[in-house]
Amino acid sequence: MIVGADTPIGRRLVEAFADPEREVRAFVSDPEQALELKAMGVKVATGDLSDTSHLAAACTRVFTAILVADAARDGREYAFATGFEAIVGGWAKAVAEPPVSRVIWFGFDDPPATDVAEVTIVSPSLSPDRQIERAVSLDDADQILGDP
């Protein structure tokens with residue numbers, strides 16, 4: 001599940017993960033981009049990125065959730081939370097409800113804690129290409145516990 005797949009970096013993540021061997025899901029707020037992603041074979045949930053109940057439901061039976069920081073601070077409208085910390089704090093709770101097994105915080109230096117077995121970050125200090133490579137390698141890893 002890529003939360004924020006309708007950001008420029010989120011779209012690049014979707015493209016990097018698109019493979020017949022993977023089930024790629026996306027959580028977006030832009031209906032037009034949802035249609036484009038569906039045309040690529042991606043399973044898409046469309047909704048408010050601050051709606052934790054909708055996000056939790058979309059993450060049912062998801063192994064890895066990639067949470068894209070840009071989606072929480074790019075100026076889009078949110079109905080259920082305001083402010084970056086409140087939105088990503090909601091994400092931390094939402095992904096723990098199904099629960100997912102692995103969380104990759106993408107573009108964060110200091111994400112909120114979440115009650116998920118495996119958690120790591122992809123630092124925004126890396127180049128965009130290196131960030132994408134890192135996310136794919138983390139998703140492919142057997143385990144990411146303690147991974148910087």
Side-chain angles (χ1 to χ4, degrees), residues 1-31 33-34 37-38 40-74 76-126 130-148:
M1 171 66 72
I2 300 169
V3 176
D6 53 354
T7 63
I9 198 77
R11 179 62 175 254
R12 288 190 59 197
L13 282 163
V14 169
E15 291 167 354
F17 281 101
D19 181 313
E21 299 298 314
R22 290 182 194 244
E23 178 181 294
V24 179
R25 296 188 196 181
F27 193 92
V28 301
S29 61
D30 183 327
Q33 288 200 42
L37 294 170
K38 285 178 184 179
M40 293 172 57
V42 174
K43 293 183 178 184
V44 179
T46 305
D48 186 315
L49 292 173
S50 68
D51 183 346
T52 57
S53 64
H54 191 185
L55 179 56
C59 285
T60 301
R61 291 186 293 282
V62 166
F63 182 79
T64 301
I66 300 175
L67 307 172
V68 180
D70 288 353
R73 59 175 164 233
D74 65 1
R76 68 184 78 203
E77 290 186 36
Y78 305 99
F80 297 91
T82 56
F84 182 77
E85 287 78 18
I87 294 165
V88 299
W91 293 356
K93 291 176 185 168
V95 296
E97 288 179 28
V100 300
S101 299
R102 178 177 290 175
V103 169
I104 300 171
W105 292 97
F106 195 91
F108 288 84
D109 285 319
D110 189 25
T114 189
D115 191 19
V116 171
E118 299 180 44
V119 180
T120 194
I121 65 169
V122 173
S123 173
S125 66
L126 299 173
R130 183 69 183 114
Q131 288 179 34
I132 301 292
E133 290 170 10
R134 182 83 175 124
V136 172
S137 70
L138 287 166
D139 187 56
D140 288 341
D142 291 334
Q143 189 174 29
I144 62 170
L145 290 174
D147 197 293

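On a predicted model such as this, the values are computed, not experimentally measured, just so you know. Numbering of residues begins at 1 and proceeds along the displayed sequence.
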Participant: D139 versus R22: any side-chain heavy-atom pair under 4.5 Å?
Facilitator: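 Answer yes - side chains close enough.
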
Participant: Please give me the minimum heavy-atom distance between P124 and Q131, naming the atom from each residue.
Facilitator: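 Taking P124 first and Q131 second, the nearest heavy atoms are O-NE2, 3.5 Å.
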
Participant: Can you give me the closest heavy-atom contact between R25 and V62, atom names plus distance?
Facilitator: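 Reported closest heavy-atom pair: NH1-CG2, 3.2 Å.
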
Participant: In chain order, what residues pass the side-chain contact (heavy atoms from CB on, under 4.5 Å) check against E133, with sequence neighbours excluded?
Facilitator: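 In terms of side-chain contact (heavy atoms from CB on, under 4.5 Å), with neighbours along the sequence ignored, E133 is linked to R130.
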
Participant: Nearest 0.5 Å, please: how far is CE in M1 from OG1 in T64?
Facilitator: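 Interatomic distance, T64 OG1 to M1 CE, rounded to 0.5 Å: 11.5 Å.
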
Participant: Between CG of L37 and OG1 of T46, what distance do you get to the nearest 0.5 Å?
Facilitator: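 Going from the CG atom of L37 to the OG1 atom of T46 covers 8.5 Å.
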
Participant: Which atom names give the shortest non-hydrogen contact between A16 and V136, and what distance separates them?
Facilitator: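 Shortest heavy-atom contact: CB-CG2, 4.0 Å.
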
Participant: Restricting to non-hydrogen atoms, name the atom on G10 and the atom on I2 that form the minimum distance, rounded to 0.1 Å.
Facilitator: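 Shortest heavy-atom separation between G10 and I2 comes out as O-CG2, 4.3 Å.
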
Participant: Please identify each residue that fulfils side-chain contact (heavy atoms from CB on, under 4.5 Å) with R73, with sequence neighbours left out.
Facilitator: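 Partners of R73 by the side-chain contact (heavy atoms from CB on, under 4.5 Å) criterion, ordered by chain and then number, come out as A69, D70, F84.
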
Participant: Please list all pairs passing the salt bridge (Lys or Arg N to Asp or Glu O under 4.0 Å) test where one or both residues lie in residues 5-14, with sequence neighbours left out.
Facilitator: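 For residues 5-14, and leaving out neighbouring residues, the salt bridge (Lys or Arg N to Asp or Glu O under 4.0 Å) pairs sorted by first residue read D6-R76, R11-E15, R11-E36, R12-D129.
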
Participant: Taking all non-hydrogen atoms of both residues into account, name the closest pair between F27 and D48 and its distance.
Facilitator: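 Between these two residues, the closest heavy atoms are CE2-O, 3.8 Å.
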
Participant: The criterion is salt bridge (Lys or Arg N to Asp or Glu O under 4.0 Å); which residues satisfy it with D19, sequence neighbours excluded?
Facilitator: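 Salt bridge (Lys or Arg N to Asp or Glu O under 4.0 Å) list for D19, sorted by chain: empty.
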
Participant: When rounded to the nearest 0.5 angstrom, what distance separates OG1 in T52 from CD1 in I87?
Facilitator: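 T52 atom OG1 to I87 atom CD1 measures 11.5 Å (nearest 0.5 Å).
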
Participant: Do I9 and I132 have side chains that approach each other closer than 4.5 Å (heavy atoms only, starting at C-beta)?
Facilitator: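 Counting from C-beta outward, I9 and I132 do come under 4.5 Å.
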
Participant: Just how far is it from atom SG of C59 to atom CG of L67, taken to the nearest 0.5 Å?
Facilitator: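 Rounded to the nearest 0.5 Å, the SG-CG separation comes to 7.5 Å.
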
Participant: Looking at every non-hydrogen atom in both residues, tell me the closest pair between I121 and L138 and how far apart they are.
Facilitator: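 Taking I121 first and L138 second, the nearest heavy atoms are O-CD1, 4.3 Å.
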
Participant: Return a table of donor-acceptor pairs under 3.5 angstrom between the side chains of residues 103-115 and protein atoms on other chains or two or more places apart.
Facilitator:
unit_1 : atom_1 : unit_2 : atom_2 : d
T114   : OG1    : A92    : O      : 2.5

Participant: With sequence neighbours excluded, give me every side chain to side chain donor-acceptor pair (under 3.5 Å) pair touching residues 77-102.
Facilitator: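 Qualifying pairs: R102-E118.
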
